[in-house]
Number of protein chains: 2
Amino acid sequence: MKKEITIYDIASQIGVSPTTVSRALNNHPRVNERTKKKIYETAEELGYQSNIFASNLRRKYTYNLGVIVPRLDSPFQSSVLAGMEKMASEAGYNLIISQSLDSLSKEIANTKSMFNSRVDGLLVSLAADTGNIDHFQPFFQKEIPVLFYDRVPEQNQFTGVVIDNVQAGFEATSHLIDQGCENIVHVLGNPKINVYMDRLKGYKYALMDHDKHYNPDYVIHLKLDEHAGENIVEQLLNMDPVPDGLLVSNDTCAASCVIALKKRGIEIPRQMAIVGFNNDLISRMVDPNLSTINYPSFHMGEVAVKNLINHLSDEENQLLQKTETITLRFSLIVRGSSNRLAL
Amino acid sequence: MKKEITIYDIASQIGVSPTTVSRALNNHPRVNERTKKKIYETAEELGYQSNIFASNLRRKYTYNLGVIVPRLDSPFQSSVLAGMEKMASEAGYNLIISQSLDSLSKEIANTKSMFNSRVDGLLVSLAADTGNIDHFQPFFQKEIPVLFYDRVPEQNQFTGVVIDNVQAGFEATSHLIDQGCENIVHVLGNPKINVYMDRLKGYKYALMDHDKHYNPDYVIHLKLDEHAGENIVEQLLNMDPVPDGLLVSNDTCAASCVIALKKRGIEIPRQMAIVGFNNDLISRMVDPNLSTINYPSFHMGEVAVKNLINHLSDEENQLLQKTETITLRFSLIVRGSSNRLAL
DNA sequence: ATAATTTATGAAATCGGTTGCAAAAATAGA
DNA sequence: TCTATTTTTGCAACCGATTTCATAAATTAT
């Protein structure tokens with residue numbers, strides 16, 4: 001290990017105190033311009049690199065933001081992360097990213113680890129089985145801002161970025177009804193997650209709004225992955241009456257349903273109209289293309305980080321602890337999988 | 001900001017020196033078991049949290065690994081990251097992740113930022129336009145291990161994790177030839193990237209091996225995204241003779257080709273047999289399913305981190321600076337898009 | 001009982017910036 | 001020229017844990 005260049009080296013090199021060097025490097029106004037220039041030059045020349053540990057130790061600030069996502073390898077989450085990274089890097093922050101794998105115990109471990117790493121702020125999309133948010137208590141107590149996005153806690157006492165999932169579920173369902181669907185099945189993931197719960201609400205409201213009867217048998221809960229389609233379609237075809245509309249809470253799963261239905265010779269959208277969620281790549285690739293809710297994932301990442309950093313740089317604490325929820329706009333994209341009227 | 005609990009608080013609480021507390025908390029053997037127990041209890045009771053800055057400042061070790069990926073929102077990269085995160089978190093390391101967006105200048109900025117953050121090691125998949133790797137020089141000089149994966153530098157002087165892309169290109173092309181394809185087009189991305197260059201080599205070798213003529217016009221370079229299919233198919237149909245085999249260097253793009261071809265009524269695989277790369281979700285969803293090279297992305301992430309950590313914990317420097325490349329196994333998955341013989 | 005070890009603990013220096021306070025230098029004002 | 005300001009600079013303490021070296025206490029050997 002080579003010796004490190006410190007501000008002391010720079011200081012002695014040009015016969016000035018470390019204090020002045022420190023101030024110069026931080027561009028403190030109370031340092032003579034000529035001195036500054038000389039210090040910059042010497043620093044450059046010696047290949048000086050600031051020791052952030054020393055700096056952090058004094059300042060208690062890391063310029064690191066923690067992120068806890070359910071899984072890294074999901075089209076939605078990776079798009080959010082891309083937005084976060086862009087914003088963070090522009091503002092000079094690093095992102096420390098970890099995944100909970102939808103397990104509460106891992107989420108707790110991650111939270112602890114983030115706390116010990118002393119991130120300046122935390123961005124979280126909750127694990128499926130996270131019932132309460134007590135494990136964030138250390139952050140709350142130390143007044144380190146925690147911002148939830150997409151999958152947020154039940155309680156209303158948090159800062160978060162979401163879309164109006166009730167409305168999204170409502171619009172998607174209403175659209176299916178408008179297309180003449182009589183019996184609409186809704187497939188969703190773990191109902192403990194607000195996202196799914198809200199969409200389900202929207203689904204019910206839409207039925208009510210159109211004087212349709214709500215049939216609990218038409219609601220299917222399961223893991224929304226690429227293999228679910230077969231199982232779902234099997235169930236659909238055994239229902240009485242066989243449904244003619246399908247609202248699936250993510251595109252991957254919706255696409256797998258499309259495939260399973262086609263395999264059985266069922267015409268889409270004539271016999272079965274389908275709407276997914278997220279506007280993932282797959283929704284534009286499957287045949288027929290999936291109608292879906294366009295989820296502003298990248299933007300959500302940007303907004304979340306932007307907002308968190310605003311909180312952090314808010315010296316006067318004017319925003320701090322102000323509980324607020326930012327709701328982003330979504331839109332229903334109608335494509336072949338549900339567009340009966342265009343037939 | 002509440003006052004922080006330090007080892008001094010613990011020390012004075014039970015009338016012992018900070019030295020002993022520090023040693024106890026690090027489970028140093030030279031501390032009496034009884035004393036240790038008391039220190040642990042008091043630490044717990046006071047809600048002590050170690051200050052990693054102070055610790056890092058002394059130890060010069062962060063337990064942070066840097067990762068620079070071309071883009072966060074790619075199925076391949078996010079799967080690699082998932083593997084990395086799993087391994088890192090098991091070993092007690094954090095991941096600081098940033099994206100270069102395939103721009104050299106951003107990669108340089110990211111590298112600097114990682115260096116200033118004093119990560120213990122760096123994992124890199126290079127940007128498309130990265131010609132040389134001079135910007136990693138500070139890492140090399142300070143002997144901070146840098147491990148490249150997938151997209152690695154031209155030079156042979158690096159530690160890296162890859163698959164044998166020459167062989168993969170060879171096998172994929174040979175497979176198409178075996179299926180009776182006479183004229184095979186190869187679509188690939190920026191040829192400055194080793195991955196694409198190597199596959200092109202494999203493509204050529206396979207042609208040679210089967211006594212087929214190599215036609216440079218049959219090699220198309222462009223951005224491999226979901227929109228490329230139209231453009232590619234347009235080109236294909238204007239070729240003379242019109243090709244009957246297509247090797248596309250990623251699944252997203254290959255899937256878009258499938259769609260564009262079907263739109264024009266071209267039968268797959270009879271008139272055009274197609275092989276993609278990566279075994280992304282989309283390859284299993286498009287109709288017909290895509291034959292593809294199964295890329296061990298998750299595993300690649302695991303192996304990369306595992307290996308990096310091995311380097312780091314190698315006290316005696318036995319491994320250090322030993323240039324080595326780990327080559328992972330890939331496999332060709334044959335599906336409907338190329339399986340003519342099954343027709 | 002005394003010397004030789006072994007075990008347990010502490011004092012103080014150190015890691016490298018940052019910052020409150022005070023002094024020195026430069027400039028302005030009378 | 002001398003006092004009042006304003007600019008620049010530096011001293012020294014501090015952030016909190018780690019570690020070297022030395023010493024005290026306990027244990028074993030002689």
Side-chain angles (χ1 to χ4, degrees), chain A residues 1-40 42-43 46-64 92 115-118 120 142 144 315, chain B residues 1-40 42-44 46-64 92 115-118 120 142 315:
Chain A
M1 182 76 81
K2 312 293 167 337
K3 62 172 192 322
E4 296 267 340
I5 305 293
T6 72
I7 54 170
Y8 296 92
D9 298 322
I10 301 180
S12 63
Q13 176 100 160
I14 42 180
V16 78
S17 81
T19 307
T20 305
V21 176
S22 171
R23 286 206 261 256
L25 293 173
N26 285 299
N27 207 18
H28 190 292
R30 279 284 167 78
V31 177
N32 187 294
E33 282 304 328
R34 225 154 343 109
T35 318
K36 265 189 195 172
K37 175 165 281 186
K38 197 180 297 179
I39 290 174
Y40 291 152
T42 317
L46 296 180
Y48 168 77
Q49 185 201 2
S50 164
N51 186 316
I52 49 161
F53 306 140
S55 173
N56 288 344
L57 178 57
R58 256 325 289 243
R59 297 214 250 224
K60 303 179 181 312
Y61 204 79
T62 65
Y63 280 98
N64 285 334
F115 187 69
N116 287 328
S117 296
R118 308 210 174 210
D120 297 333
K142 242 180 119 186
I144 300 169
E315 308 276 333
Chain B
M1 182 77 81
K2 312 291 165 338
K3 66 179 188 317
E4 296 268 339
I5 305 294
T6 72
I7 55 170
Y8 298 93
D9 298 323
I10 301 179
S12 63
Q13 176 99 162
I14 42 181
V16 78
S17 80
T19 309
T20 305
V21 176
S22 172
R23 285 205 262 258
L25 294 172
N26 285 298
N27 206 20
H28 191 291
R30 279 284 169 77
V31 178
N32 188 295
E33 283 304 327
R34 225 155 343 108
T35 318
K36 265 190 198 175
K37 173 165 282 182
K38 197 180 299 178
I39 289 173
Y40 292 151
T42 316
E44 180 69 27
L46 296 180
Y48 167 78
Q49 184 203 4
S50 165
N51 185 316
I52 48 160
F53 306 140
S55 174
N56 287 345
L57 179 57
R58 268 314 301 236
R59 295 213 249 226
K60 304 181 178 312
Y61 205 79
T62 65
Y63 280 98
N64 284 162
F115 188 68
N116 288 328
S117 297
R118 309 214 173 206
D120 296 334
K142 240 177 122 187
E315 308 274 335

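Since the model is a prediction, treat every value here as computed from it, not as a measurement. Values below: all heavy atoms of this structure, side chains included; hydrogens, waters and symmetry mates excluded.
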S.K.: Is B:Lys60 near enough to C:dG16 that one of its side-chain N or O atoms lies under 4.0 angstrom from OP1 or OP2?
M.R.: yes
S.K.: Is B:Asn51 close enough to D:dC15 that one of its side-chain N or O atoms is under 4.0 Å from OP1 or OP2 there?
M.R.: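 Answer is no, no contact under 4.0 Å.
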S.K.: Side chains of A:Tyr8 and A:Val21: does their closest heavy-atom pair fall under 4.5 Å?
M.R.: no
S.K.: D:dC15 P sits how many Å from B:Gln49 CD, rounded?
M.R.: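 Interatomic distance, CD of B:Gln49 to P of D:dC15: 17 Å.
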S.K.: Would you say the side chain of A:Gln13 lies within less than 4.5 Å of the side chain of A:Lys38, judging by non-hydrogen atoms?
M.R.: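 Answer no - side chains too far apart.
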S.K.: With a non-hydrogen cut-off below 4.0 angstrom, is A:Val16 in contact with a base, only sugar-phosphate, or nothing?
M.R.: sugar-phosphate
S.K.: C:dT18, OP1 or OP2 - any side-chain N/O from A:Asn26 closer than 4.0 Å?
M.R.: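 For A:Asn26, the contact criterion (side-chain N or O under 4.0 Å from OP1 or OP2 of C:dT18) is met.
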S.K.: Check the distance between D:dG16's P and B:Asp9's CG and give it to me in whole angstrom.
M.R.: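 After rounding, the gap between these two atoms is 9 Å.
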S.K.: Yes or no on side-chain hydrogen bond (donor to acceptor under 3.5 Å, both in side chains) for A:Asp120 and A:Thr62, after CA distance, side-chain angles and deciding distance?
M.R.: CA-CA 6 Å; A:Asp120 297 333; A:Thr62 65; 3.1 Å; yes
S.K.: Specify the separation, in whole Å, of atom CD1 of B:Ile10 and atom P of C:dG10.
M.R.: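 Computing the B:Ile10:CD1 to C:dG10:P distance gives 14 Å.
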S.K.: Would you say a side-chain N or O of B:Ser22 is under 4.0 Å from OP1 or OP2 of D:dT18?
M.R.: yes
S.K.: Which sits closer to the 5' end of DNA chain C, A:Leu25 or B:Arg30, going by the nucleotide each is nearest to?
M.R.: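 Per heavy-atom nearest nucleotide, the more 5' residue is B:Arg30.
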S.K.: Phosphate oxygens OP1/OP2 of D:dT9: is one of them under 4.0 Å from a side-chain N or O of A:Thr35?
M.R.: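 Yes, A:Thr35 has a side-chain N/O under 4.0 Å of OP1/OP2 on D:dT9.
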S.K.: Check the distance between C:dT14's C1' and B:Arg59's CZ and give it to me in whole angstrom.
M.R.: 15 Å
S.K.: Is any side-chain heavy atom of A:Asn64 less than 4.5 Å from a side-chain heavy atom of A:Arg118?
M.R.: no
S.K.: A:Tyr8 has an atom OH; how far is it from atom P of C:dC15, in whole Å?
M.R.: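 Taking OH of A:Tyr8 and P of C:dC15, I get 10 Å after rounding.
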S.K.: Do you know which two heavy atoms are closest between B:Ser22 and B:Ile7, and how far apart they sit?
M.R.: CB-CD1, 4.3 Å
S.K.: May I have the distance from B:Lys36 (atom NZ) to C:dT7 (atom P), rounded to whole angstrom?
M.R.: 13 Å
S.K.: When all nucleic acid strands are considered with a 4.0 Å heavy-atom cut-off, which category describes A:Glu33: base, sugar-phosphate, or nothing?
M.R.: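 A:Glu33: no heavy atom of the nucleic acid under 4.0 Å.
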S.K.: Does the side chain of A:Ser55 get closer than 4.0 angstrom to OP1 or OP2 of C:dT18 through an N or O atom?
M.R.: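 Yes, because at least one side-chain N or O of A:Ser55 sits under 4.0 Å from OP1 or OP2 of C:dT18.
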S.K.: Taking OP1 and OP2 of D:dA17, is either one under 4.0 Å from a side-chain nitrogen or oxygen of B:Tyr61?
M.R.: no
S.K.: D:dG16 base to A:Arg58 side chain: any donor-acceptor pair below 3.5 Å?
M.R.: no
S.K.: Measure from the side-chain heavy atoms of B:Arg23 and tell me the nearest of C:dC15, D:dA17, C:dT9.
M.R.: C:dT9
S.K.: Please give, in whole Å, the distance from D:dA17 C1' to A:Asn116 CG?
M.R.: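 It is 14 Å, rounded to the nearest whole Å.
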S.K.: Would you mind reporting whether B:Leu25 and B:Tyr48 have side-chain heavy atoms less than 4.5 Å apart?
M.R.: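 They are in side-chain contact.
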S.K.: What integer distance in Å separates A:Ile52:CD1 from C:dG17:P?
M.R.: 11 Å
S.K.: B:Thr20 or B:Ala54: which one's nearest nucleotide on DNA chain C is closer to the 5' end?
M.R.: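 Here B:Thr20 is the residue nearer the 5' end.
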S.K.: Where the side chain of B:Ile7 is concerned, which of C:dT9, D:dA17, D:dT9 is the nearest nucleotide?
M.R.: D:dA17
S.K.: Check whether the side chain of A:Thr19 and the base of C:dT19 form a donor-acceptor pair under 3.5 Å.
M.R.: yes
